[in-house]
Amino acid sequence: WDLGPVTVAQVHDYLGKKWGLAYTTIMTIMGRLEKKGLLQRTPSGRAYIYSAAVSREEFSVSVVDGLLDGLVSDFTHPALSYFVKNLAEKGHQTIKGS
């Protein structure tokens, strides 16, 4: 999102060297993200230009939804108890602070 449309080489220059990732590793990851619909790929000469297929906000909402669905599915009672307790505390703080 920060760089806008980029090539694998540009991502490697930006992140790969910093984290010690090989060019081919970044190429594989970007290919997988494209197959999952998170990146769009457009041919440009001998390379591809990748761009975000979803906004940062859409991605964040999707990750949180998946995490919460998993928690509620696998740990229904503890997860719901936590949410009710946490929301009650947050609601009480909001009312108190008003």
Side-chain angles (χ1 to χ4, degrees):
W1 291 292
D2 293 341
L3 296 177
V6 292
T7 64
V8 173
Q10 290 169 316
V11 173
H12 183 254
D13 286 342
Y14 186 73
L15 294 176
K17 293 177 183 175
K18 177 180 174 181
W19 291 346
L21 298 173
Y23 177 91
T24 53
T25 300
I26 292 172
M27 183 174 61
T28 299
I29 292 168
M30 291 177 73
R32 289 179 182 167
L33 291 172
E34 188 261 335
K35 286 179 183 170
K36 290 182 179 203
L38 297 172
L39 291 177
Q40 294 175 332
R41 183 173 82 167
T42 307
S44 178
R46 293 179 55 212
Y48 288 102
I49 303 292
Y50 290 87
S51 57
V54 297
S55 71
R56 191 182 304 240
E57 183 177 338
E58 290 170 321
F59 177 73
S60 297
V61 167
S62 174
V63 169
V64 170
D65 283 351
L67 178 67
L68 293 178
D69 283 348
L71 284 173
V72 171
S73 175
D74 295 343
F75 305 100
T76 304
H77 182 45
L80 292 178
S81 294
Y82 171 82
F83 294 135
V84 168
K85 177 184 170 205
N86 208 319
L87 289 172
E89 289 173 1
K90 300 277 190 237
H92 181 67
Q93 290 171 358
T94 303
I95 293 169
K96 233 174 143 177
S98 301

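Values reported hereafter were calculated over all heavy atoms of this structure, with side chains retained and with hydrogens, waters and symmetry mates removed.
With T7 contributing its side chain and Q10 its backbone, the two residues share a donor-acceptor pair below 3.5 Å.
In this structure S55 satisfies the side-chain hydrogen bond (donor to acceptor under 3.5 Å, both in side chains) test together with E58, sequence neighbours excluded. Legend: residues meeting salt bridge (Lys or Arg N to Asp or Glu O under 4.0 Å) with R46, ordered by chain and number and at least two apart, are absent. Among residues two or more places apart in sequence or in another chain, the side-chain contact (heavy atoms from CB on, under 4.5 Å) test is passed with R32 by T28.
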Check: residues 67-85 side-chain donor-acceptor pairs under 3.5 Å, at least two apart:
unit_1 : atom_1 : unit_2 : atom_2 : d
T76    : OG1    : V72    : O      : 2.6
S81    : OG     : H77    : O      : 2.9
Y82    : OH     : N86    : ND2    : 2.5

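A pairwise comparison of heavy atoms in A52 and Q40 identifies O-OE1, 4.2 Å as the closest pair.
Side-chain heavy-atom separations under 4.5 angstrom define the hydrophobic clusters, and V61 shares its cluster with no other residue. Cluster partners of M30, using a side-chain heavy-atom cutoff of under 4.5 Å among ILVMFWY residues and allowing indirect links, are W1, L3, V6, V8, V11, Y14, L15, W19, L21, Y23, I26, M27, I29, L33, L38, L39, Y48, Y50, V54, F59, V63.
Between E57 atom CD and S62 atom OG the span is 12.5 Å, to the nearest 0.5 Å.
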